[in-house]
Amino acid sequence: MATYVYETIPQKPGDAVRRFEAQQSMRDEPLTRDPETGLPVKRIIMGGYGIMSKGAVNTEGCGGGECAMPGPRAHQCTSPFCCQN
């Protein structure tokens, strides 16, 4: 289940905007109405992050030593997470 952020769409100038979260499956259609007030809503796109990798990942990092990745990525790294790039 993903958590999505929604915001009510003001019906007239000066109306307060209500922001709320809803847990939904990624397959579910976006909400069109606020479940509490019945007002129309829009889904807000929020920034996020994720680590994607192809193949094996060194989850312990390099710890300042030589990078464990073979080939052109092998280098002296200072970040404990450089091998997850």
Side-chain angles (χ1 to χ4, degrees):
M1 296 291 269
T3 301
Y4 294 99
V5 177
Y6 287 89
E7 190 175 89
T8 57
I9 301 169
Q11 299 302 294
K12 57 186 175 190
D15 279 355
V17 173
R18 185 174 106 79
R19 192 173 266 197
F20 62 95
E21 295 180 347
Q23 285 194 341
Q24 297 176 275
S25 167
M26 295 175 89
R27 294 180 181 147
D28 292 345
E29 291 292 320
L31 297 178
T32 57
R33 299 265 174 198
D34 182 338
E36 288 188 18
T37 66
L39 292 171
V41 296
K42 61 182 175 180
R43 189 160 62 188
I44 305 299
I45 305 300
M46 303 293 287
Y49 70 93
I51 298 174
M52 296 174 59
S53 176
K54 183 175 181 180
V57 175
N58 178 359
T59 58
E60 295 180 14
C62 299
E66 187 172 322
C67 183
M69 296 296 286
R73 287 191 178 185
H75 63 278
Q76 293 294 320
C77 58
T78 59
S79 168
F81 303 109
C82 78
C83 292
Q84 293 182 6
N85 292 339

Please give me the minimum heavy-atom distance between A16 and T8, naming the atom from each residue. O-OG1, 4.0 Å
So which atom in Q23 and which in M1 form the shortest heavy-atom distance, rounded to 0.1 Å? O-CE, 3.9 Å
Keeping the roles fixed (side chain from D28, backbone from Q24), state whether a donor-acceptor pair exists under 3.5 Å. no
Is there a side-chain contact between P40 and Q11 in this structure, where contact means two heavy atoms from C-beta onward sitting under 4.5 Å apart? yes
With a 4.5 Å cut-off on side-chain heavy atoms, are R43 and E7 touching? no
Could you state the interatomic distance from CZ (R19) to CD1 (I44), rounded to the nearest 0.5 Å? 5.0 Å
Could you go through R33 and L39, starting from their C-alpha distance and side-chain angles, then the distance that decides it, and tell me whether this counts as side-chain contact (heavy atoms from CB on, under 4.5 Å)? CA-CA 5 Å; R33 299 265 174 198; L39 292 171; 5.6 Å; no
Co-members of M26 in a cluster of I, L, V, M, F, W and Y side chains, linked at under 4.5 Å: Y4, Y6, F20, L31, V41
